[in-house]
Protein chains: 2
Amino acid sequence: MTGLSGQTSQNFKQGGLSRIQEKNRNLILEAALSEFSKKGYSGATVERIAADAGMSKSNLLYYFSSKEAIYKETLAHILDVWLAPLKTLNPDGDPAQELGEYIRQKIEMSARFPEASRLFANEVMQGAPQILPILETDLKRLVTEKSQVIEDWIASGKIRRVDPVHLIFTIWATTQHYADFSVQIKALTGKDLSDPDFLKETEASVTSFILHGIGLSGPQESD
Amino acid sequence: MTGLSGQTSQNFKQGGLSRIQEKNRNLILEAALSEFSKKGYSGATVERIAADAGMSKSNLLYYFSSKEAIYKETLAHILDVWLAPLKTLNPDGDPAQELGEYIRQKIEMSARFPEASRLFANEVMQGAPQILPILETDLKRLVTEKSQVIEDWIASGKIRRVDPVHLIFTIWATTQHYADFSVQIKALTGKDLSDPDFLKETEASVTSFILHGIGLSGPQESD
DNA sequence: GAGGGATTTGACCAAATGGTCAAGATGCAA
DNA sequence: TTGCATCTTGACCATTTGGTCAAATCCCTC
């Protein structure tokens with residue numbers, strides 16, 4: 001007796017997944033993100049992902065046809081989320097506000113999804129075997145578009161003349177560093193982004209560096 | 001080359017390595033750096049490292065007792081080189097000059113030894129299983145010392161008030177990013193640090209960002 | 001050039017691992 | 001409850017891989 005679901009009995013056909021499939025695929029993808037980000041693609045084992053997800057290896061392979069299939073799906077899953085903040089950069093907004101908000105979002109992503117950051121870093125460092133085509137098309141298009149936004153801000157004298165692409169790289173580098181190298185940061189400071197105070201402090205420092213770097217003051221002082 | 005003629009039949013004891021040992025160990029370490037940085041620890045295979053080094057797997061294991069031993073030695077080999085630039089930061093020098101030079105050196109390291117950068121990044125991202133103790137002692141001591149240098153520059157009004165540790169993290173993040181994410185950078189710009197023009201351009205951009213970030217102009221301009 | 005240690009390698013082994021398969025367990029509509 | 005599709009698993013397989021070992025081959029000293 002299922003007291004909760006008043007749903008009908010169409011279990012899985014036409015794109016919809018059955019309740020059990022939905023649940024298990026999610027469990028697997030969560031476990032996979034954890035394993036892949038922790039050990040890398042080669043270091044992760046299907047057995048351990050299955051154990052993390054609370055099922056047998058055989059059962060996991062009932063939901064995903066291969067280790068590589070799990071990996072690809074995990075990557076695809078996070079990629080959208082990962083690139084979302086940049087898309088919101090608004091040409092008509094105030095540069096300090098817009099870039100400050102972008103940096104803040106990126107750091108929050110590093111704080112909330114450090115595993116996703118490391119998975120992405122791992123993939124790219126290994127030569128981006130799975131996502132290179134996406135980088136060369138979608139991401140390139142996005143970066144070109146947002147570079148133009150920055151270029152316009154420069155042209156209208158709102159920010160100092162800088163190379164927009166290098167500015168984007170700098171933001172990516174600094175914000176993701178706190179997730180990817182969190183172990184090193186913890187070894188040196190005793191804290192990482194999971195500490196709310198350290199998160200605030202990092203946010204303030206990084207934002208301040210970059211905004212000053214492009215000729216703007218910090219977000220609090222506006223004149 | 002230590003003591004070529006005076007040696008007895010003991011070719012390698014007491015620290016000195018035979019000519020053949022010297023050569024082969026170097027070949028192995030070079031191949032290991034390439035493999036480990038390209039595939040990560042788990043992804044690399046002893047067989048392929050041996051092939052890269054031009055010898056059989058058995059022979060490689062005659063020189064290094066295990067895969068882990070090769071990995072540790074490779075790491076140790078690059079670690080000194082990797083941290084060297086920071087050590088040269090001179091408290092008595094001009095901040096713009098000193099930091100500019102440090103950034104320049106770090107970018108040049110990324111250009112010349114991208115594999116070392118990726119190996120290091122990989123190690124840290126996996127939780128620094130091998131070098132965590134070093135990070136917590138030697139590196140922490142070094143960072144604390146150089147933070148004090150920066151702190152002094154702030155106290156004497158030479159640079160803007162910033163968090164010294166975050167400044168160091170920012171420099172590491174931005175400079176190493178160009179090595180670790182070179183595939184992504186190449187996908188987006190068509191170039192990487194192996195291109196001399198792009199190297200110059202990157203150097204100028206990153207230096208400019210950070211020096212402006214701490215309240216200094218670029219090296220050439222002053223107001 | 002002979003003797004002996006240093007170097008090199010192929011054959012081999014055990015463990016780990018990705019994946020298959022058939023059989024059993026479970027959930028669900030009638 | 002019954003019948004069928006979905007779900008789950010243990011047993012099993014082939015391959016990869018780190019590491020061992022004894023037998024060669026090389027190199028150097030005397």
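Throughout, protein chains are lettered first and strands after them, A, B, ... in sequence-line order, and every chain is numbered starting at 1.
Within 4.0 Å of B/L61, counting heavy atoms only, lies at least one base atom of the nucleic acid. Residue contacts shown for B/A69 are absent, as no nucleic acid heavy atom lies under 4.0 Å away. Note on B/A50: nothing from the nucleic acid sits closer than 4.0 angstrom, heavy atoms only. Contact annotation for A/T45: backbone-only contact, meaning every heavy-atom pair under 4.0 Å involves sugar-phosphate atoms and none involves a base. Using a 4.0 Å heavy-atom cutoff across all strands shown, B/R48 reaches no nucleic acid atom at all. Using a 4.0 Å heavy-atom criterion, one finds that B/Y63 contacts the sugar-phosphate atoms exclusively. Within 4.0 Å of A/S58, counting heavy atoms only, lies at least one base atom of the nucleic acid.
Computed from coordinates, the B/E47 CD to C/dA16 P distance equals 20 Å when rounded to whole Å. Put simply, OH on B/Y41 is 13 Å from P on D/dT17, counting in whole angstrom units. The distance from atom CZ of A/R25 to atom P of D/dT6 is 15 Å, rounded to the nearest whole Å. Counting to the nearest Å, the C1' atom of C/dT17 and the NZ atom of A/K39 are 14 Å from each other. In this structure, A/L17 places its CG atom 16 Å from C1' of D/dA5, rounding to the nearest Å. The distance between atom CG of A/N24 and atom P of C/dA25, rounded to the nearest whole Å, is 19 Å. Across the protein-nucleic acid pair, B/E35 atom CD and D/dT17 atom P stand 11 Å apart, rounded to whole Å. Atom NZ in A/K67 sits roughly 8 Å away from atom C1' in C/dT17 (whole-Å rounding).
Using modelled atom types, one finds no donor on one side chain facing an acceptor on the other under 3.5 Å when comparing A/D163 with B/S205. Side-chain contact of B/H166 with A/E201: a donor-acceptor pair under 3.5 Å is present, judged by distance alone. Residues A/K38 and A/S34 bring a donor and an acceptor atom of their side chains to less than 3.5 Å of each other. Between B/E68 and B/Y41, the side chains place no donor N or O within less than 3.5 Å of an acceptor N or O (distance only, hydrogens not considered).
Phosphate contact (OP1/OP2 of C/dC28, side-chain N/O of A/R19, threshold under 4.0 Å): present. Distances shorter than 4.0 Å separate some side-chain N or O of A/Q21 from OP1 or OP2 on D/dC7. Contact annotation: B/Y62 side-chain N/O to C/dT8 OP1/OP2 distance is not under 4.0 Å. Regarding contacts with the backbone of D/dT9, a side-chain N or O of A/N59 is found under 4.0 angstrom from either OP1 or OP2.
Ring pair A/F169/B/Y178 is perpendicular by interplanar angle, where above 60° counts as perpendicular and below 30° as parallel.
At a cut-off of 3.5 angstrom, the base of C/dG19 holds at least one donor-acceptor pair with the side chain of A/K57.
Using a 4.5 Å heavy-atom cutoff, the side chains of A/F36 and A/K67 are in contact.
Along DNA chain D, the nucleotide closest to B/S66 and the one closest to B/I20 are compared, and the more 5′ of them pairs with B/S66.
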